Amino acid sequence: MSRAARRAIEECGIGIDRIGAIVHASVCRDYLEPATSCVVHDRLGLPSDCVVYDCSNACLGFLNGMIQIANMIELGQIEAGLVVASEGSRELVETTIARLNADESFTRETVKPAMASLTIGSASAAAVLVDRRISQTDNRLLGAVARADTSAVGLCQSGRDESVGGKMQPLMNTDAEQLMAAGVALAAVTFGRFVDELAWSVDDINRTCCHQVGATHRRLTLEALGLNPQHDFTTFEFLGNTGSAAMPVTAALAAEQGFIRPQDQVALLGIGSGLNSVMIGVDWQTVACATPQSITAPQSAAPENVEVG
């Protein structure tokens, strides 16, 4: 995670002394206390007047963190900020396998809540958001919207933070079918508000990156939103579901491989358990580096100053 953050800053072309805030936004974290962002802040040697904290919201933590950084820039409090995430799948996958192996009473139906845990992957990402005055790219953040449906809060839950001998032993239960149906429905509502906010039509969207769950979820989401699957980039086939890091990693790889091109209007379509949805529009002007560097905007506002580094 620290390496990804350092690379993002270097490729953004600004000095570390200009980073005014750092947000760690993973589902996974190194400690219950202190904030994991403190570790990254120390390893990078960021300024002492830099705001340092963690932000957690399942698969949307990274996007939420970037919105918070963007708002600080819009308010004139900072000129640049950093969001980092590092999701590790080993503990969850190994704990789930151990639980399944230890209980011979599992049936086809009772094992279903554990299956989503076996699709989890690992990834790290970092994003730098900057004031337009110091941007090196002219990539424009056009806007973002968020919607929630917390009536679905029980469809995907892990237990309390549990540890044995100091090692986290996470478990997660997911009603995958109901979660998918509720998530697609929420995405459709959010998307309607999103295109209205940005004054876009479906035809204005050149490229998309969806929440990275699986083929069925992707198909149903794009169908509900009326989007062309040929314009959508995915990573779940080889990375799995990498939680909060999934969206920035997917967008970065899409740009690195030339799928996102200069002049493209890009929609980032985030969904997270809870349920929450955040969708972000970007006017992409340059070919990005392998590390994602700024893909967000304040909610319900067309940003004046925040740019993609």
Side-chain angles (χ1 to χ4, degrees), residues 8-9 11-14 18-23 25 55 57 60-85 125-147 190-191 193-201 204-211 233 244 246-252 254-256 259-270 276-289 291-309:
I9 295 172
E11 293 182 348
C12 194
I14 65 171
R18 306 186 91 160
I19 301 296
I22 176 173
V23 178
C55 171
N57 189 20
L60 288 177
F62 202 100
L63 299 185
N64 291 142
M66 290 192 292
I67 288 172
Q68 293 167 12
I69 293 290
N71 285 336
M72 292 183 200
I73 295 173
E74 288 289 296
L75 289 170
Q77 297 172 338
I78 63 175
E79 61 178 357
L82 175 68
V83 184
V84 297
V128 176
L129 294 86
V130 302
D131 188 282
R132 187 180 185 186
R133 293 179 295 103
I134 61 172
S135 172
Q136 304 294 311
T137 67
D138 200 35
N139 294 343
R140 296 303 309 278
L141 304 176
L142 301 179
V145 299
R147 287 294 180 271
T190 309
F191 186 72
R193 175 62 176 159
F194 174 69
V195 293
D196 286 346
E197 184 68 34
L198 272 67
W200 277 359
S201 70
D204 292 322
I205 300 173
N206 305 114
R207 293 290 185 263
T208 62
C209 296
C210 285
H211 178 46
F233 192 86
S244 184
M247 185 63 73
V249 166
T250 301
E256 182 185 41
F259 186 82
I260 295 178
R261 307 152 302 181
Q263 311 301 319
D264 274 346
Q265 305 276 37
V266 183
L268 307 180
L269 311 173
N276 292 288
S277 179
V278 172
M279 297 185 178
I280 296 165
V282 182
D283 180 16
W284 207 276
Q285 296 298 316
T286 61
V287 177
C289 305
T291 306
Q293 295 181 10
S294 174
I295 35 183
T296 189
Q299 298 180 36
S300 300
E304 297 288 337
N305 300 314
V306 185
E307 295 222 352
V308 178

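Only a predicted model underlies this, so the values are computations on that prediction, with no experimental measurement involved.
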* **Minimum heavy-atom distance I134-A80, with the two atoms named** => CD1-CB, 4.4 Å

* Structure fact -> On a heavy-atom basis, the closest approach of I280 and A144 is CG1-CB, 3.7 Å

* SG of C210 to CE of M279: how many Å apart, nearest 0.5 Å? -> 7.5 Å

* Asked: CD1/I9 to CD1/I14 distance, rounded to the nearest 0.5 angstrom?
  -> 7.0 Å

* Asked: Can any side-chain N or O of S277 pair as donor or acceptor with the backbone N or O of T190 at less than 3.5 Å?
  -> no

* To do: Give the C-alpha distance, both sets of side-chain angles, the deciding distance and a yes or no for side chain to side chain contact (heavy atoms under 4.5 Å, CB included) between Q285 and D283.
  => CA-CA 6 Å; Q285 296 298 316; D283 180 16; 2.8 Å; yes

* **Closest heavy-atom pair and its distance - A251, I260** => O-CD1, 3.9 Å

* Asked: Are side-chain heavy atoms of F191 and I205 found at a separation under 4.5 Å?
  -> yes

* Test side chain to side chain contact (heavy atoms under 4.5 Å, CB included) on H211 and L269 and set out the steps. => CA-CA 6 Å; H211 178 46; L269 311 173; over 6 Å; no

* Asked: Roughly how far, to the nearest 0.5 Å, is the CG atom of L141 from the CD atom of E74?
  -> 8.5 Å

* **Interatomic spacing from CZ in R18 to CD in E79 - rounded to 0.5 Å** => 4.0 Å

* **Any donor-acceptor pair under 3.5 Å from N206 side chain to Q265 backbone** => yes

* Please determine if R193 and D196 form a salt bridge, counting it only when a charged side-chain N lies under 4.0 Å from a carboxylate O. => no

* Ignoring hydrogens and angles, tell me if any N or O in the side chain of T208 forms a donor-acceptor pair with the backbone of A267 under 3.5 Å. => no

* Evaluation steps, side chain to side chain contact (heavy atoms under 4.5 Å, CB included), between C12 and Q136 -> CA-CA 7 Å; C12 194; Q136 304 294 311; 5.6 Å; no

* To do: With sequence neighbours left out, write down each residue that passes salt bridge (charged side-chain N to carboxylate O under 4.0 Å, His left out) with R207, or none if nothing qualifies.
  => none

* To do: Kindly say whether R133 contributes a backbone atom to a donor-acceptor pair with the side chain of D131 at under 3.5 angstrom?
  => yes

* Contact summary for A25 and A85, nearest pair of heavy atoms -> C-CB, 4.3 Å

* Asked: Would a 4.5 Å heavy-atom cut-off, applied to side chains only, mark V278 and I67 as touching?
  -> yes

* To do: Evaluate the ring planes of W200 and F194, with Trp represented by its six-membered ring, and classify them as parallel (under 30°), tilted (30 to 60°) or perpendicular (over 60°).
  => perpendicular

* To do: Locate the shortest heavy-atom distance separating V23 from C55; write the atom from each residue and the value.
  => CG1-CB, 3.6 Å

* Asked: Is a donor on one side and an acceptor on the other found under 3.5 Å between the side chain of N71 and the backbone of Q68?
  -> no

* Please report the shortest heavy-atom distance between F62 and A125, naming the atom on each side. => CE1-O, 3.8 Å

* Asked: Of V130, L129, I69, I19, which is the lone residue that meets side chain to side chain contact (heavy atoms under 4.5 Å, CB included) with I78?
  -> I69

